Amino acid sequence: VQLVESGGGLVQAGGSLRLSCAASGFTFADYHIGWFRQAPGKEREVVSSVSSRDGRTEYPDSVKGRFTISIENAKNIVYLQMNSLKLEDTAVYYCAGVDGYYRDYVPAYPYEYDYWGQGTQVTVSS
């Protein structure tokens, strides 16, 4: 099982980026997927998640209305569209997956996920 993120980079405040997470070894349709981020000196936090059971998406207030998670099942890729980026969005972004069969809820904490990508850096400048 492998997850590989891409799409990070340097962007000015107010700009947009789209992150991608490609999976091999499992199918996104069977897994709950989360996007997390970790800024220097801070804990890893969830910024978006999607349920494998009903496609329900969740976002914390800090990104709600600006970030959108989506899945392209044919390519087995999960995207995170990030708009209206702010300085405080600067972090390393990770995608993570956990088998949805045993959970009827989408996990919100890092320890609940089994598979992780290597991360991609997002830097928002003023």
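As a basis for the values below, the full set of heavy atoms in this structure was taken, side chains included, without hydrogen atoms, waters or symmetry mates. What you see is a predicted model; the values in this text were computed from it and never measured. Note that the numbering runs from 1 along the sequence shown for the chain.
- Not counting sequence neighbours, the partners of Phe28 by the ring pair (Phe, Tyr, Trp, His ring centres under 6.0 Å) test are Phe26.
- In this structure, Gln81 and Ser70 have side chains that are not in contact, with every pair of non-hydrogen atoms separated by 4.5 Å or more.
- Residues that satisfy the salt bridge (charged side-chain N to carboxylate O under 4.0 Å, His left out) test with Asp61, not counting sequence neighbours, are Lys64.
- The salt bridge (charged side-chain N to carboxylate O under 4.0 Å, His left out) search around Glu58 returns Arg56, not counting sequence neighbours.
- To the nearest 0.5 Å, atom CD1 of residue Ile33 and atom OG1 of residue Thr57 are 13.5 Å apart.
- Using a 4.5 Å heavy-atom threshold, the side chains of Val78 and Cys95 count as separate.
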Evaluate the side-chain contact (heavy atoms from CB on, under 4.5 Å) criterion for residues Asn76 and Thr27: first the C-alpha distance (whole Å), next the side-chain angles of each, then the deciding distance (0.1 Å), finally the verdict.
CA-CA 6 Å; Asn76 216 27; Thr27 303; 4.1 Å; yes
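- Here the straight-line distance linking atom CD1 of Ile77 with atom OG of Ser6 works out to 7.5 Å at 0.5 Å rounding.
- Nearest heavy-atom pair across Leu80 and Ser48 is CD1-CB, 3.8 Å.
- Remark: Gln2 engages no residue in a side chain to side chain donor-acceptor pair (under 3.5 Å) (not counting sequence neighbours).
- Val63 and Ile71 fall within the same hydrophobic cluster, where Ile, Leu, Val, Met, Phe, Trp and Tyr residues are linked whenever their side-chain heavy atoms come under 4.5 Å apart, directly or through other members.
- When hydrophobic clusters are built by joining Ile, Leu, Val, Met, Phe, Trp and Tyr residues whose side-chain heavy atoms come closer than 4.5 Å, directly or via intermediates, Val98 is not grouped with Tyr115.
- Val122 approaches Gly8 most closely through the heavy-atom pair CG2-CA, 4.1 Å.
- Residue Gly25 comes nearest to Val1 through the heavy atom pair O-CG2, 4.0 Å, listed as atom of the first residue, atom of the second, then distance.
- By the side chain to side chain donor-acceptor pair (under 3.5 Å) test, Ser51 pairs with Asp54, sequence neighbours left out.
- Grouping Ile, Leu, Val, Met, Phe, Trp and Tyr by side-chain contacts under 4.5 Å, direct or through others, puts Tyr111 with Tyr109.
- Applying the ring pair (Phe, Tyr, Trp, His ring centres under 6.0 Å) definition to pairs two or more places apart or across chains, those involving residues 34-60 are Phe36-Tyr113, Phe36-Trp116.
- Listed by first and then second residue, the ring pair (Phe, Tyr, Trp, His ring centres under 6.0 Å) pairs involving residues 62-98 amount to none (not counting sequence neighbours).
- For the side chain to side chain contact (heavy atoms under 4.5 Å, CB included) test, residues two or more places apart in sequence or in another chain that qualify with Thr90 are Gln121, Thr123, Val124.
- Between Ser52 and Ala29, the shortest heavy-atom distance links the atoms CB-O, 3.4 Å.
- Side-chain heavy atoms closer than 4.5 Å link hydrophobic residues (I, L, V, M, F, W, Y) into clusters, and following such links, possibly through other members, connects Val50 to Leu19.
- For the atom pair Leu87 CG and Ser126 OG, the distance stands at 5.5 Å (nearest 0.5 Å).
- Residue pairs meeting the salt bridge (Lys or Arg N to Asp or Glu O under 4.0 Å) criterion with at least one partner in residues 102-117, sequence neighbours excluded, are absent.
- Considering all non-hydrogen atoms of both residues, Gly97 and Leu3 come closest at N-CD1, 4.0 Å.
- Surrounding OH of Tyr101 are at most 12 heavy atoms belonging to other residues, nucleotides or ligands under 6.0 Å away.
- Contact between Ser84 and Ser16 at its shortest, heavy atoms only, is N-OG, 4.3 Å.
- Legend: salt bridge (Lys or Arg N to Asp or Glu O under 4.0 Å) pairs involving residues 85-98, not counting sequence neighbours, sorted by first then second residue: Arg37-Asp89, Arg66-Asp89.
- For residues 3-30, there are no salt bridge (Lys or Arg N to Asp or Glu O under 4.0 Å) pairs, not counting sequence neighbours.
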